[in-house]
Asks: 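Structure in C-alpha cells, see below.
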Amino acid sequence: MSHSESIRRTRNCGELRAGHVGETVTLVGWARKRRDHGGLVFVDLWDRHGITQIVLNPEIDASAHELAHSVRAEFVLGVKGAVRARPEGTANAKMSTGDVEVYVDKAWILNTSKTPPFVIEADETPNESVRLKYRYLDMRRGPLLNNLILRGKITTAVRVYLETQGFTEVETPMLTRSTPEGARDFLVPSRLTPGAWFALPQSPQLFKQLLMVAGLDRYYQITKCFRDEDLRADRQPEFTQIDMEMSFIDEAMVREICEGMIARIFELAGKKIQTPFPIMTYADAMEKYGSDKPDIRFGLKISDVSGPVDKSEFKALKETLDSGGTVRAVAVTGGAAFSRKEIDDLIEEAKTHGAKGLAWIKVTAEGYQSSITKFFSKEILDEISAIAEAKVGDLLIFVADSKKVALDCLGRLRLSLARKLGMIDDSKFAFTWVAEFPLLDYDAEEKRYVAMHHPFTAPVAEDVPLFDTDPLKIRARAYDLALNGVEIGGGSIRIHDRSVQNRMFAALGMSDEEARGKFGFLLDALEFGAPPHGGIAFGLDRLMTIISGCESIRDVIAFPKTQKGFCPLTEAPAEVDQKQLRELGLKKDLR
RNA sequence: GGGGUCGUAGUUCAGUUGGUUAGAACGCCGGCCUGUCACGCCGGAGGUCGCGAGUUCGAGUCUCGUCGGCCCCGCCA
C-alpha cells in the first residue's frame, strides 16, 4: 500500500491491554528498538502515550516482514494487525502494554529518518547544547514532552479555576514603553517613528492596573515577560507569568484565591498539599532564615547571640558588636563530627559570602570544643547554646558582621549545609507567604531610595507618617510566595490614593514632572476613580520546575536559551540585512 | 564584569609521570539468526583530542590566550 494513503489510527501506543486481545487495530508511531531475528522481527512502536511491541512474522505477511528489515531507528510507521496475548512466559512486566503485542498484517513506512545524533531511548542524557540544537529529538525522548504536557494541563486548569473565580483573561501589549525602574529592557526599534523604541514588557504591571480602573474587576493573563539580565538555572530572558489583578480586595483575599489555584495545580500533578500556607513577615524571614524566600523544609534557623557574646572576652567578635554589628549563630545538626578540613571549607565558603571569618564551637558530650572556648565562660556558652538551640553533636557556627552580611552569609550556609547533610526532603512542598516587605531600599551607589517592589506598592497605612522620619522602616503591603526556597510569586496591594502616590515618588527622589513623564498615563488613570486594588504574579516556569522535580527551568520550557542567551536550534540572535537596519534608521557601531 | 567546572568517535565517557599506532560502551554499516524486549553471534567503518599560540626531541596530557556548555557572584522579583 502506498504511504500517501491516509492511515487512521484506531488506538495509540500506550493503551492496549489484555482486554483488547482479538481486536484488529491500526497504530502509528515511531520505530524505537528493532529486534530482528531474521525471521521474526519485533519493533517497539512509540508515540507519546507509550510503547507497544509489534511483531512482523513472515508467515503472517511476507511483505510487512520484508519492510521490517529496512526499518531503522525513528522511522515513522503505520501498522495494522490483531492484538494478541503474548505467548506464555514472554510478557514484559516493565511495560504497561507488556501483556500484549500486535501481529502485523499490513505495514506502511510513513517516513524515514536519518540516524539521530543521539540515541532517543538511551538512559544517558546528552550534553545540553546537543539537546537544545535537536530540541525536537530531545523532546521525543519522553521526559521533556511529559513536562510540557503537564504544563499545558496546568495552564488549562488555571484558566478554568480563575474563570470560575470571576477573572477575565485580557491580553496586554508586547510592544510597549520602556520602564525606568527594574530590569534592563529588551528594545524594539520603531520603523514608523525612526529613533524611537518599544520595549518588551518586563510584566504587564501598568496595564493590569489600568484594567482595574476600567472596572474589569478581576483580570488574569498567562503571558510572556522579558528581562534582559544574565541567566541562571532558574532564569530565562523570556519567561511566563500567571498574572492577576483584583479590585476591592485585601491581602487575605489574594492569598485565599492563590492558595486555591496552587492547590488545584498540585492536585493535577498528583500531589496533595496543605492550605492555607503559613505566613511570616519579611523581618522574621530575614532573622531566622537569612533570606526573603526561606526554605522551611528543614531547621538550621539563625539566632542572635550578640547578648552573651558581648559578655565574653572574645575581642574580635566584641569589636564587631561595638561598631554596631551583630553576632548570629546556627546550630548545625550533627556538625560536631565535621573534620578539620570540612570546617576549613565551611570557613572558606563563609568568606565567599562576604563574611570576614567564621567562628565555630563543637558541642560534644565531653563539653564545648574549639580553639575559641577559652574566651567564653561555661555559663556564656550554655546561654549561647540555649539561644541557638544547640544539642550535643551539633556544631555552632558564628558570623560577626553587619546584620545584613551576617544574616545573608548564614542564610546561604544553611542551604548548602542542609544539602550536604541530606536534611532536605525532596518529596516535600513547603510553601510560605512572606509579607510586610520594606517599601523602600537604599541604593548606596545611586545614593537614593528605590522601590523594593515597584513604585505603585501601597505602604501599610499606619507606617505612612514614616515617610517624613524613617522611610526605610515603612512596611509595604507586598507579599511573596516562596516554595522550597524559591520565590514562585509576588505581588502587592497598590496605591490608589494620589496623595500617597505623590509621597512615594517624592521618597524616590522623583519630581512630579518626572513621574508624570514616566508614568503619566497611569497617574491620570488613578485620578478617574481607581478602585482599591492589588494583584500578584506567579512564575509559571519556576513552579513547573519544582512540580516536575527538575533541576533547571530549561526542562519545562519547550525552546529555551543557553546561559549566553543563545538558541542553538534557531541560532538566534543573528545578524540582519543592511536593508533591515536602514529601514529602521539604525547603523551598526560595535566597539 | 568576575569565580568555578567541563570540552577526546554520532552519544556517554576512560586516557597513568609528557613517550610507539588515542581506547571502551552504546549507536552506525554489512552478514547470520522465529520469542526478543539492554535480543544474541560474526565482521567493519568511524577522531581537526573545541580553536590558536607557546614550552619540549616529543603535547590529548604542561603554560597562556580564545570560543562554547553548565553552576555561581554581581545583575535580576
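Chain A is the first sequence line, chain B the second, and so forth, proteins listed ahead of strands; every chain is numbered from 1. Scope of the values below: all heavy atoms of this structure, side chains included, with no hydrogens, waters or symmetry mates. All of these numbers come straight from a predicted model, not from anything done at the bench.
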Asks: Atom CD of A:Glu238 to atom C1' of B:rC76: distance rounded to whole Å?
Replies: 16 Å
Asks: Taking the same atom, C1', in B:rC75 and in B:rG3, what whole-Å distance lies between them?
Replies: 15 Å
Asks: Is A:Asp61 salt-bridged to A:Lys106, going by a charged N under 4.0 Å from an acidic O?
Replies: no
Asks: Rounding to an integer number of Å, can you tell me how far A:Glu229 CD sits from B:rG1 C1'?
Replies: 13 Å
Asks: For B:rA24, what is the paired nucleotide under Watson-Crick or G-U wobble rules, both distances under 3.5 Å?
Replies: B:rU12
Asks: Base, sugar-phosphate alone, or nothing: which one does A:Asn57 contact when heavy atoms must sit under 4.0 Å apart?
Replies: base
Asks: Which whole number of Å gives the distance between the P atom of B:rA22 and that of B:rC29?
Replies: 26 Å
Asks: Between A:Leu413 (CG) and B:rC72 (P), how many Å, whole number?
Replies: 17 Å
Asks: Tell me what A:Arg227 touches on the nucleic acid: a base, only sugar-phosphate, or nothing, going by heavy atoms under 4.0 Å.
Replies: sugar-phosphate
Asks: Quick one: does A:Arg232 reach the base of B:rG74 with a side-chain donor-acceptor pair under 3.5 Å?
Replies: yes
Asks: Determine the contact category for A:Asp36: base if any of its heavy atoms lies under 4.0 Å from a base atom, sugar-phosphate if only primed atoms, P, OP1 or OP2 are that close, otherwise nothing.
Replies: base
Asks: By nearest nucleotide on RNA chain B, pick out whichever of A:Ala233 and A:Ala451 is the more 5' one.
Replies: A:Ala233
Asks: Kindly say if A:Arg34 contacts the phosphate of B:rU36, meaning a side-chain N or O under 4.0 Å from OP1 or OP2.
Replies: no
Asks: Side chains of A:Ser416 and A:Glu349 only: does a donor on one sit below 3.5 Å from an acceptor on the other?
Replies: yes
Asks: Between A:Arg35 and B:rU36, does any side-chain N or O lie under 4.0 Å from OP1 or OP2?
Replies: no
Asks: Kindly say if A:Arg412 contacts the phosphate of B:rC73, meaning a side-chain N or O under 4.0 Å from OP1 or OP2.
Replies: yes
Asks: So what's B:rG52 paired with, Watson-Crick or G-U wobble, going by both distances under 3.5 Å?
Replies: B:rC64
Asks: Any base atoms under 4.0 Å from A:Pro87, or only sugar-phosphate, or nothing? Heavy atoms, all strands.
Replies: base
Asks: Would you please confirm or rule out a distance under 4.0 Å between OP1 or OP2 of B:rG69 and any side-chain N or O of A:Lys564?
Replies: yes
Asks: Write down the distance separating the P atoms in B:rG69 and B:rA59, rounded off to the nearest Å.
Replies: 30 Å
Asks: Describe the nucleic acid contact of A:Glu551 in one word from base, sugar-phosphate, nothing, applying a heavy-atom distance below 4.0 Å.
Replies: nothing
Asks: Is there a side-chain contact between A:Lys33 and the phosphate of B:rC39, meaning an N or O under 4.0 Å from OP1 or OP2?
Replies: yes
Asks: Check the distance between B:rC28's C1' and A:Glu121's CD and give it to me in whole angstrom.
Replies: 13 Å
Asks: Taking all atoms of both residues into account, what is the closest heavy-atom pair of A:Tyr479 and A:Gly535, and its distance?
Replies: OH-O, 3.0 Å
Asks: Taking the side chain of A:Met452 as heavy atoms from C-beta outward, which of B:rU36, B:rC26, B:rA77 is closest to it?
Replies: B:rA77
Asks: Taking atom C1' in both B:rG52 and B:rG7, what distance in whole Å separates the two?
Replies: 16 Å
Asks: In whole angstrom, give me the gap between the C1' atoms of B:rG10 and B:rU16.
Replies: 28 Å
Asks: How many Å lie between OH on A:Tyr134 and P on B:rU11, as a whole number?
Replies: 9 Å
Asks: Is it the case that the side chains of A:Arg151 and A:Thr240 hold a donor-acceptor pair, with the cut-off being a distance below 3.5 Å and no angle test?
Replies: yes
Asks: Between A:Arg84 and A:Tyr103, is NZ or CZ placed under 6.0 angstrom from the six-membered ring centre and within 45° of the ring axis?
Replies: yes
Asks: Is the base of B:rG74 touched by the side chain of A:Asp230 through a donor-acceptor pair closer than 3.5 angstrom?
Replies: yes
Asks: Which nucleotide, B:rC75, B:rU11, B:rU36, lies nearest any side-chain atom of A:Phe118?
Replies: B:rU11
Asks: Relative to the 5' end of RNA chain B, which residue comes earlier, A:Tyr103 or A:Thr115, by the nucleotide with the nearest heavy atom?
Replies: A:Thr115
Asks: Strictly under 6.0 Å, is that where the ring centroids of A:Tyr219 and A:Phe207 end up?
Replies: no
Asks: Does A:Lys133 put a side-chain nitrogen or oxygen below 4.0 Å from OP1 or OP2 of B:rG69?
Replies: no
Asks: On a whole-Å scale, what distance lies between the C1' atoms belonging to B:rU17 and B:rC33?
Replies: 49 Å
Asks: For B:rA77, does either OP1 or OP2 sit under 4.0 Å from a side-chain N or O belonging to A:Gln202?
Replies: yes
Asks: State the pairing partner of B:rG40; accept Watson-Crick or G-U wobble contacts with both distances under 3.5 Å, and report none otherwise.
Replies: B:rC32
Asks: Would the base of B:rG27 count as contacting A:Glu124 through its side chain, where contact means a donor and an acceptor less than 3.5 Å apart?
Replies: no
Asks: Between B:rU11, B:rC37, B:rG69, which nucleotide gets closest to the side-chain atoms of A:Val130?
Replies: B:rU11
Asks: Checking base pairs now: Watson-Crick or wobble, both atom distances under 3.5 Å. What partners B:rG58?
Replies: none
Asks: Figure out the CG/P separation between A:Asp138 and B:rG69, and round it to whole Å.
Replies: 16 Å
Asks: Is any side-chain N or O of A:Arg184 closer than 4.0 Å to OP1 or OP2 of B:rA77?
Replies: no
Asks: Checking all strands, does A:Gly182 fall into the base, sugar-phosphate, or nothing category for heavy-atom contacts under 4.0 angstrom?
Replies: sugar-phosphate
Asks: B:rU36 base stacked by A:Phe42? Criteria: ring centres under 5.5 Å, plane angle under 30°.
Replies: yes
Asks: Heavy atoms under 4.0 Å, any strand shown: does A:Pro116 hit a base, just sugar-phosphate, or nothing?
Replies: nothing
Asks: Would you say the side-chain atoms of A:His453 and A:Arg477 include a donor-acceptor pair closer than 3.5 Å?
Replies: no
Asks: If the C1' atom of B:rU55 is compared with that of B:rU61, how far apart are they to the nearest Å?
Replies: 14 Å
Asks: Side chain of A:Glu101 only, heavy atoms from C-beta on: which candidate in B:rU36, B:rU34, B:rC70 is closest?
Replies: B:rU36
Asks: For A:Arg131 and B:rC70, give me the distance from atom CZ to atom C1', rounded to whole Å.
Replies: 12 Å
Asks: Restricting to non-hydrogen atoms, name the atom on A:Lys293 and the atom on A:Ala482 that form the minimum distance, rounded to 0.1 Å.
Replies: CA-CB, 3.9 Å
Asks: Check every strand shown and say whether A:Asn127 touches a base, only sugar-phosphate, or nothing at a heavy-atom separation below 4.0 Å.
Replies: sugar-phosphate
Asks: Over all strands shown, is A:Ser203 touching base, sugar-phosphate only, or nothing at heavy-atom distances under 4.0 angstrom?
Replies: nothing
Asks: Take the protein atom CD of A:Gln241 and the nucleotide atom P of B:rC76, then report the distance between them rounded to whole Å.
Replies: 16 Å
Asks: Distance check, P atoms only: B:rG47 and B:rU8, in whole angstrom units.
Replies: 15 Å
Asks: Please work out if A:His453 contacts a base, only the sugar-phosphate, or nothing of the nucleic acid, heavy-atom cut-off 4.0 Å.
Replies: base
Asks: Any side-chain N or O of A:Ser129 less than 4.0 Å from the OP1 or OP2 oxygen of B:rG68?
Replies: no
Asks: Can A:His37 be classed as stacking with the base of B:rC39, given a centroid separation cut-off of 5.5 Å and a plane angle cut-off of 30°?
Replies: yes
Asks: Ignoring hydrogens and angles, state whether a donor on the side chain of A:His49 or A:Glu15 is under 3.5 Å from an acceptor on the partner side chain.
Replies: no
Asks: Taking 4.0 angstrom as the limit, do A:Lys341 and A:Asp345 come out as a salt bridge?
Replies: yes
